[in-house]
S.K.: 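Input: one structure, supplied below.
A, B, ... follow the sequence lines: proteins, then strands. Residue 1 opens every chain. None of these values were measured; they are calculated from a predicted model. What's counted below: heavy atoms across the whole structure, side chains too, no hydrogens, waters or symmetry copies.
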Amino acid sequence: MHYDFGKIEKKWQNIWAKRGTFKAENNSERKKFYVLDMFPYPSGAGLHVGHPLGYIASDIYARYKRHKGYNVLHPMGYDSFGLPAEQYAIQTGQHPAITTEENIKTYRRQLDQLGFSFDWSREIRTSDPKYYKWTQWVFIQLFNSWYNSDSDKAEPIEDLVSIFERDGNTNVNAVCDDDIPNFSADEWNASSSNKKQETLLKYRLTYLADADVNWCPALGTVLANDEIVNGVSERGGHPVVRKKMRQWMMRITAYTQRLLDGLDKIDWPQPLKDSQANWIGRSEGATVKFRVRSSENGVVSDNIDDDEITKDAETIKDAETAAHNPALFIDVFTTRPDTIFGVSFMTLAPEHELVSKITTSDQKAAVEAYVEATAKRSERDRMADVKTITGAFTGAYAEHPFTKEPIPIWIGDYVLAGYGTGAVMSVPCGDQRDYDFAKHFGINIPNIFEGIDISEEAFADKEKTIITNSDFLNGLPYKKAVKKSIAELETLGQGEGKINYRLRDAVFSRQRYWGEPFPVYYVDGMPQMIADEHLPIMLPEVEKYLPTETGEPPLGNATDWAWDTNTNQVVSNENVAPSARLQVSERANSNFTPSSSAERSGSTDKGQSNNNFAPSAVEEQSNDNGVYPLELNTMPGWAGSSQYFNRYMDPHNDDEIFSQEAIDYWQDVDLYIGGSEHATGHLLYSRFWQKFMFDRGLVPVDEYAKKLINQGMITGTSAFVHRWDYTIGENKKAEKKNVFISQKFVKKMLSKSLFLEDVLENYEILRKSIFDFHEKDKNEMGFIKVTDSPSSISKIHSDVSLVNSSDELDIQAFIKWQPDSENSMFILENGEIYDVKTSPEGSSGGAFIVNREVEKMSKSKYNVVNPENIVKEYGADSLRMYEMFLGPMEQSKPWNTAGITGVHGFLKKLWKLYHSGPNGEFTVADLERPAISQTTGTEASGGGDSFAKTSDNQPQSKDEGLREADKPAPESLKTLHKTIKKVEDDIQNFSFNTSVSTFMICVNELTSQKCTSREILEPLAILMSPYAPHIAEELWEKLGHTESIATASFPKFEEKYIVESSKEYPISFNGKTRFTMELSLDLDRKQIEEVVMAHKKTQQQLDGRTPKKVIVVPGKIVNIVG
RNA sequence: GCUCGAGUGGCGGAAUUGGUAGACGCGCUGGAUUCAAAAUCCAGUGUUUUAGGACGUGCGGGUUCGAUUCCCGCCUCGAGUACCA
């Protein structure tokens, strides 16, 4: 009976599905284990062999844990909102839901073929309203929360409102917008509802703001930083520009420190943690406040009313304010406050709002020209050319906080508006960029470092720093100088210690159709949340998926997209009262910015804040019928993936995001497997949401994945054929005959820069046939001359399926695949010339060899391998084992289909081991006691639950019936237990590649031992089951079991079977092994030395010399020195 | 530039605490079987050689009886990040 993998795999996939073998229970006495894969975006291209790598690994682990007695949760679903389906919809008019559904079907079919033990009853899709109901719900929870820095956690917004009503905001320590004026309880209570909402928005964890966003005109949407690669969009590679737009934001910055600290608690790959830490970008230093000294705008440096010093210069919004407020300050952040006496100029980002206010009339033209020039340069240009130093002098001066000396204020685009305060104190002696800038513009470079030469470059080594020329800092090393300088700045009231983060609040709005709609409508320009019980707010139907003519996001095309607060339903836009409707169109005309944004700015001091708290004119509404416009943006791709791991615990719950019972049992993910490309996107945002959920008491732990493994990419092995690009006469248009050259000749030509003429014996024959071919065109072409050169070889991708395991091209198939190559000659590896037209089919004696190169797997490179084809030819078990066999999980490695014959052959051998009868009949000794009861144990269960029962179904046997021949041979037991140990260690270390080798060795050994013992072959089937579940199930059934192998107990390793009595010692001389000796392990050091020294080969090696030293490590090695 | 990771046969890779480098598989070579092919089985396969050996884990040093493994300095490749003050 042969190994009919096709039949076996179908059979078991059906049985598993029918029986619900892999359903996880939410109520179990057993310990839980949660194995999760990053769920895929179902793309139209389907899976290639690289995709399942992680799923196979997680499946092995999940199955292993089931064998160990755990209640395993191993779900799968789809991150099904996303750009490609929408782009396709724009092109074809096909609704994204339809394409998505089709793609999911393809994915599911492909996944099902691989025999994964997913609990499909828990499948989720982010684009399913039943699922995104809860994404909307979390959004509302975030909206209804603020971050209390005193308790260091998120708290309900009602609590904040109570505080305001009681005490105002003066004692509130929150992570919030930085332009909030102080107000008293009375002021709060007296202010209008609209004003209250506006103020609260500045505290909420999700809020609306005019943010500098990455706008991608080609995609018509904003992008998050992690969606931009090298200055262009990750998807499509379109240019991205900076733009101010009113957007929903996530106050992730509230969690920066906790996101950083949490990394220590989780077992994630170090590179991934590093890149999150880099992304968060914590730096310690100080803020320093520099007074602006003079300007023509009537700003005077003297006569400052201390009360009027604003907390932040940025809040001074316009020149009018400045005129009323004589003190202008520039705040900077620095990591080197110790170098404060080295400051010789300041630099502001060109976008800095003080620029226009402080620039003198002399410099105005130059500064404006520079600002304009910078604005025009795209982000990419700026990045491409970091070497060119540009800037302009504003004409204004700041005052040094200690020396009171004037410091010129420059602007330069090396200072980023988005980091710190958008301004730096420039210390040219200690910072290379400042140094270069100073050199370029001839600004002086004072030296404040003792014994350091700064004539060539800046000095930035903190360790070796001793400060000098710095008043009270003289003689101090870096650390002490930092402390001292901060203390002095604080005394002056012109600075304080500060920790700065690179991480910004995350933009949460996308101008797209195919995403979660916000559960938000606008009353009087203020966002209102729709009550939980009315969720989900379903994505409306639209005619077109493009932005509207007025520039609104695609949802602006919907005719029914208004919220009726009377009926709590989505209704037609026509029902919106004219006053409310006005805001919608205004929003569109000003790039989706609600009309109130102008009003929002400028509230900086108390005098104004009083005004702002007065009932606003916008408040009065005519014809308010309770119907309001809904939000037109949708949520970004990472919204749906930020909580999905918790939803799997209770995926069909329509009343709660998950039941308390479910979350209490499952807690968190024990093993999470996925690609490292999500390091700063999904994996950071989801940690943020989890921490928020934790703060609000929704989840029991604040890190959701204990352990994470990155799977490496599988690259493709492309095949190249080389074509000789000869020249014929002068006529370039003439259709040429293709001449393809086999690998050997290409190598010779390329390595030594030779001509084809030099490497090919048959060159003249080739030349002549080219002449003959072109003879008919002779008149038209004029003079025929065939020339070549070493460089005239072009590389052409061939489809990898046309090449066999010996790199030989199937020429006939190649011609069919590329019909324009019909007029071709192939110079074969043996030097023969094969002419497709003239040679009879198949007459070529030699082979044509292609070149191989490793590249990313992609359609355009013709190196994509579809798992379905592999499954058809070799089976899912072979594919699973081969993917693991390729190499370590986390490493990227090339796919080469040829190699799969190795593992496929192994599975056949395994099959044969159980079918060693004369005609391949199943032959496993039946008569002895099943091995299972002696060699098993569970680690997770409290004991007697269903796991032990599997052995009850086996045919029971009697000791007296045991035949001598059926007893396992000692060497077979040794082989088995060696394998158990190695495989178990490997699974725990995620070293799946080495266990495949171990299985091969095991089966090779058992085969040569002619082992047919049940005591060996039964445990072996269980060992194999995580890796090759179909064949294992089939063998298990043949062994007489009626229950699935999936929950059979993992065999228990027993040391006693692998104990050795002797060892083949390597005998080395000066560290080099010369020969080996079989010695008993009972011998001690001294005895070993005696035996070895007495050996004649030893004497031979020593050649009469006396060894200086003999090192004996019992059980390991003998080394003779001398 | 910075951060991280990796360099071992023709190829993918193995070597668990410093102890016989190259397990296992592919490919290749030879053989058996076959009318032939596929499949299967057997043997060989790091380089070099004067056949005893010599050399060999990116390069140069070091520690050690002994280094792919530990330390120092470089080189190359890959990934992430990018004027972050």
S.K.: Look at the side-chain N and O atoms of A:Asn993 and state whether any lies under 4.0 Å from the OP1 or OP2 oxygen of B:rA14.
M.R.: yes
S.K.: Is there a Watson-Crick or G-U wobble partner for B:rU69 with both distances under 3.5 Å, and which nucleotide is it?
M.R.: none
S.K.: In whole Å, what separates the P atom of B:rG53 from that of B:rA43?
M.R.: 25 Å
S.K.: Could you tell me how far B:rC74 sits from B:rC26 if I compare only their C1' atoms? Round to whole Å.
M.R.: 35 Å
S.K.: Angle class for the A:Phe999/A:Tyr1027 ring planes (parallel below 30°, perpendicular above 60°, tilted otherwise)?
M.R.: perpendicular
S.K.: Report the residue (A:Lys908 or A:Lys1109) whose heavy-atom-nearest nucleotide on RNA chain B is the more 5′ of the two.
M.R.: A:Lys908
S.K.: Okay, side chain of A:Thr347, backbone of A:Trp410: is any donor-acceptor separation there less than 3.5 Å?
M.R.: no
S.K.: State which of B:rG27, B:rA82, B:rG19 makes the closest approach to the side chain of A:Arg502.
M.R.: B:rA82
S.K.: Roughly how many Å apart are B:rG58 and B:rG13, using the P atom of each and rounding to a whole number?
M.R.: 14 Å
S.K.: Counting only side-chain nitrogens and oxygens, does A:Lys893 get under 4.0 Å of the OP1 or OP2 atom of B:rG12?
M.R.: no
S.K.: Once you apply the 3.5 Å cut-off to both distances, tell me the Watson-Crick or G-U wobble partner of B:rC41, or none.
M.R.: B:rG31
S.K.: Flag the pair A:Lys974 and A:Glu1005 as a salt bridge only when some basic side-chain nitrogen lies within less than 4.0 angstrom of an acidic carboxylate oxygen.
M.R.: no
S.K.: Using the C1' atoms only, state how far B:rA6 lies from B:rC24, rounded to an integer number of Å.
M.R.: 22 Å
S.K.: With a 3.5 angstrom cut-off on both distances, give the Watson-Crick or G-U wobble partner of B:rA85, or none if there isn't one.
M.R.: none
S.K.: Taking the minimum atom-to-atom distance to the side chain of A:Lys909, which one of B:rU40, B:rG80, B:rC41 wins?
M.R.: B:rC41
S.K.: Would you say A:Gln494's side chain and A:Phe290's backbone share a donor-acceptor pair under 3.5 angstrom?
M.R.: no
S.K.: Got a donor-acceptor contact below 3.5 angstrom from the A:Asn710 side chain to the A:Gly674 backbone?
M.R.: yes
S.K.: Would you indicate which nucleotide in B:rC84, B:rU16, B:rC26 comes nearest to any side-chain atom of A:Lys982?
M.R.: B:rU16
S.K.: Nearest of B:rG25, B:rG66, B:rA85 to any side-chain atom of A:Asn1004?
M.R.: B:rG25
S.K.: Look for any protein N or O under 3.5 Å of an N or O in nucleotides 68-75 of chain B and output each such pair with its distance, or none.
M.R.:
none

S.K.: Please state whether the phosphate of B:rG5, meaning OP1 or OP2, lies under 4.0 angstrom from any side-chain nitrogen or oxygen of A:Gln891.
M.R.: no
S.K.: To the nearest Å, how far apart are A:Tyr1027 OH and B:rC24 C1'?
M.R.: 14 Å
S.K.: By nearest atom, which of the nucleotides B:rU20, B:rG19, B:rC24 is closest to the A:Ser997 side chain?
M.R.: B:rC24
S.K.: Find the partner of B:rG22: check Watson-Crick (N1-N3 plus N6-O4 or O6-N4) and G-U wobble (N1-O2, O6-N3) distances, both under 3.5 Å, and reply none if neither fits.
M.R.: none
S.K.: Regarding A:Arg282 and A:Glu284, does a basic nitrogen lie under 4.0 Å from an acidic carboxylate oxygen?
M.R.: yes
S.K.: Quick one: is B:rG80 close enough that its OP1 or OP2 comes under 4.0 Å of any side-chain N or O from A:Ser676?
M.R.: no
S.K.: Between B:rA23 and B:rG18, how far is it from one P atom to the other, in whole Å?
M.R.: 23 Å
S.K.: With both distances under 3.5 angstrom, what nucleotide forms a Watson-Crick or G-U wobble pair with B:rG5?
M.R.: B:rC77
S.K.: Heavy-atom count around A:Lys744 NZ within 6.0 Å, excluding the residue itself: above 12?
M.R.: yes
S.K.: Need the glycosidic conformation of B:rG9: syn if within 90° of 0, anti if not. Which one?
M.R.: syn
S.K.: Taking the six-membered ring for Trp and the single ring otherwise, decide whether the centroids of A:Tyr882 and A:Tyr874 are under 6.0 Å apart.
M.R.: no
S.K.: Is there a Watson-Crick or G-U wobble partner for B:rU64 with both distances under 3.5 Å, and if so, which one is it?
M.R.: none
S.K.: Does the side chain of A:Met1000 reach to within under 4.5 Å of the side chain of A:Val996, using non-hydrogen atoms?
M.R.: yes
S.K.: Please determine, for B:rC55, whether a Watson-Crick or G-U wobble partner exists with both distances under 3.5 Å, and give it or none.
M.R.: B:rG46
S.K.: Any side-chain N or O of A:Asn804 below 4.0 angstrom from OP1/OP2 of B:rG27?
M.R.: no
S.K.: At less than 3.5 Å, do the side-chain atoms of A:Asp274 and the base atoms of B:rC4 form a donor-acceptor pair?
M.R.: no
S.K.: Rounding to an integer number of angstrom, what distance separates B:rG30 and B:rU68 when you compare their C1' atoms?
M.R.: 33 Å
S.K.: Taking only the C1' atom of each, what is the distance from B:rA15 to B:rA51 in whole angstrom?
M.R.: 29 Å
S.K.: Would you call A:Met884 and A:Leu53 a side-chain contact if the rule is heavy atoms closer than 4.5 Å?
M.R.: yes
S.K.: Does B:rA54 have OP1 or OP2 sitting under 4.0 Å from an N or O in the side chain of A:Arg1074?
M.R.: yes
S.K.: What's the closest nucleotide to the side chain of A:Arg433 if the choices are B:rC24, B:rU20, B:rC83?
M.R.: B:rC83
S.K.: For B:rA15, what is the paired nucleotide under Watson-Crick or G-U wobble rules, both distances under 3.5 Å?
M.R.: none
S.K.: Report yes if a side-chain nitrogen or oxygen of A:Ser892 is closer than 4.0 Å to either non-bridging phosphate oxygen (OP1 or OP2) of B:rG78; otherwise report no.
M.R.: no
S.K.: Which of the following nucleotides, B:rA39, B:rA21, B:rC24, is nearest to the side chain of A:Thr1073?
M.R.: B:rA21
S.K.: Which residue lies toward the 5' end of RNA chain B, A:Val1113 or A:Tyr419, if each is placed at its nearest nucleotide?
M.R.: A:Val1113
